[in-house]
Amino acid sequence: MTSTISPITRQRPPRQFDSRELISVSLQVVQVILIFGIIAWVIYRGAQAMEYQWQWYRIPQFIFQEIDGAIVFGPLVKGLIETIRLTVISAILATSIGLVTAFARLSNSIAGRWIATFYLEAIRNTPLLVQLYLFYFVIAPIFGVDRFWAAVLCLSFFEGAFAAEIIRGGIIGVQREQYEASDAIGLNPFDKYSRIVIPQALPLILPPITGLLISLVKHSAIVSVIAVSELTTAGMNIISETFMAFEIWFLVAGIYLALTISLSTGVSMFEKSLEKSKN
């Protein structure tokens, strides 16, 4: 008769902070509060020296209003929705362009490698603003594209060039033995990359791709120069009507900050779920 002995699981005791760690954490919190307090004081003194009259009480009407019992979104919320729409579409296209370009650079086709290299060098070595003007004033009239889609295409091709190198680096980072094992069991190229290579490259790709998406959110503000009705354009229109530069720009910056932090948090949660699924 055999008996099974269950393994003893050790539970990690809860971490206890000593007085030195508590003092260190408290000092860091005080430093953060002090730095932000100094920044706020400098801004307040600067506005006071300019004899600027703060009008925060007027801000809610630019977010939403209640008209005849119905909630009507203000220009800032409409601009935020347009920014999110612009970012999501551009992110999908940029990732697709980056994926195709990465595989073109890794392929055995000389033409594919040359075209991909030319695209990368042309995009990464010219200013985004110049590219936006080319898309809007040259390419868009030829193909009958409106300003929104001209902005989407410009951002997609710009960010796609950087996404291509991120994806290529992640694929190259997969151990060579994984490629050899895939070939040994007779997987075709599609199955080899979709089932073996890409899943292992994903943890290497996600962190820099997150930074790329955050940059895409921030770069979307530049399309205000061609009057796409996104968040920055909405802020500029409000300022031109009310002259509330300080309040509106602080609010717009806060909205962008909340948007990028939410994006970063979402990707971090996705990374943790991937790690848990592996374990």
Side-chain angles (χ1 to χ4, degrees), residues 83-126 128 131 151-220 222 256-257 259-279:
T83 294
I84 294 174
R85 177 171 168 248
L86 177 69
T87 303
V88 170
I89 298 175
S90 299
I92 295 172
L93 291 177
T95 305
S96 303
I97 292 171
L99 193 63
V100 172
T101 306
F103 279 107
R105 290 206 65 191
L106 293 171
S107 68
N108 296 324
S109 171
I110 297 177
R113 292 200 304 268
W114 283 4
I115 294 173
T117 302
F118 174 78
Y119 158 67
L120 292 176
E121 295 301 325
I123 293 294
R124 293 190 301 175
N125 292 294
T126 54
L128 176 58
Q131 295 175 27
V152 166
L153 290 175
C154 178
L155 291 174
S156 300
F157 277 96
F158 181 79
E159 302 295 346
F162 296 93
E165 290 301 277
I166 293 172
I167 295 171
R168 187 175 71 91
I171 293 174
I172 293 175
V174 177
Q175 295 180 354
R176 190 64 190 173
E177 290 80 4
Q178 301 297 321
Y179 293 90
E180 296 173 354
S182 302
D183 294 334
I185 62 177
L187 290 180
N188 58 51
F190 178 80
D191 289 336
K192 177 172 68 174
Y193 280 97
S194 62
R195 297 184 179 183
I196 305 297
V197 177
I198 297 298
Q200 295 186 60
L202 201 57
L204 302 174
I205 294 172
L206 275 179
I209 280 290
T210 304
L212 183 73
L213 294 177
I214 291 173
S215 296
L216 176 58
V217 174
K218 295 184 293 184
H219 287 158
S220 66
I222 200 172
Y256 275 114
L257 181 62
L259 192 60
T260 54
I261 289 177
S262 300
L263 178 61
S264 179
T265 303
V267 176
S268 298
M269 293 173 63
F270 179 64
E271 285 184 283
K272 289 180 181 179
S273 66
L274 285 179
E275 293 177 359
K276 288 181 180 180
S277 63
K278 288 182 179 179
N279 298 330

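Values below: every heavy atom of this structure, side chains too, minus hydrogens, waters and symmetry copies.
From I167, atom CD1 reaches atom CD1 of I205 across 5.5 Å, with rounding to the nearest 0.5 Å. For the atom pair OH (Y193) and CG (L106), the distance works out to 6.0 Å, reported to the nearest 0.5 Å. Summarising the geometry, atom SG belonging to C154 is positioned 7.5 Å from atom CD1 belonging to I123; distances are rounded to the nearest 0.5 Å. One finds the CD atom of E159 at 10.5 Å from the CD1 atom of I97 (value rounded to the nearest 0.5 Å). Of the inter-residue distances, the one linking N188 atom CG with S194 atom OG reads 7.5 Å to the nearest 0.5 angstrom. Between atom CG of residue L153 and atom CD1 of residue I89 there is a gap of 10.0 Å, rounded to the nearest 0.5 Å.
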Could you go through the side chain to side chain contact (heavy atoms under 4.5 Å, CB included) check for T95 and I209 one step at a time?
CA-CA 9 Å; T95 305; I209 280 290; 5.6 Å; no
So V197 and K192, side chain to side chain contact (heavy atoms under 4.5 Å, CB included) or not? Walk me through it.
CA-CA 6 Å; V197 177; K192 177 172 68 174; 4.2 Å; yes
F162/R124 under side chain to side chain contact (heavy atoms under 4.5 Å, CB included): CA gap, chis, key distance, verdict
CA-CA 8 Å; F162 296 93; R124 293 190 301 175; 3.9 Å; yes
Can V174 and I196 be said to form a side chain to side chain contact (heavy atoms under 4.5 Å, CB included), step by step?
CA-CA 9 Å; V174 177; I196 305 297; 6.0 Å; no
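Across L120 and A161, no two heavy atoms sit closer than the pair CD2-O, 3.2 Å. Shown here for F157 and Y119, the closest heavy-atom pair between the two residues is O-OH, 2.6 Å. When all heavy atoms of T126 and Q131 are compared, the pair lying nearest together is OG1-NE2, 2.8 Å. Taking every heavy atom of both residues into account, E121 and N125 meet most closely at O-ND2, 2.8 Å. Closest heavy-atom contact between L216 and T87: CD2-O, 3.6 Å. Contact between R113 and A104 at its shortest, heavy atoms only, is CG-O, 3.4 Å.
Here the side chains of R105 and E165 are in contact, with some heavy-atom distance below 4.5 Å. Counting only heavy atoms from C-beta outward, the side chains of I198 and I171 approach each other to under 4.5 Å. Using a 4.5 Å cut-off on side-chain heavy atoms (C-beta onward), D191 and S182 make no contact.
Of the possible polar contacts, none joining the S264 side chain to the T260 backbone as a donor-acceptor pair under 3.5 Å is found. Distance alone, capped at 3.5 Å, places no donor-acceptor pair between the T101 side chain and the G98 backbone.
Atom CD1 of I110 sits in a sparse spot, with 12 or fewer heavy atoms from other residues, nucleotides or ligands closer than 6.0 Å. E177 CD: more than 12 foreign heavy atoms inside a 6.0 Å radius. Other residues, nucleotides and ligands place no more than 12 heavy atoms under 6.0 Å from the CZ atom of R195.
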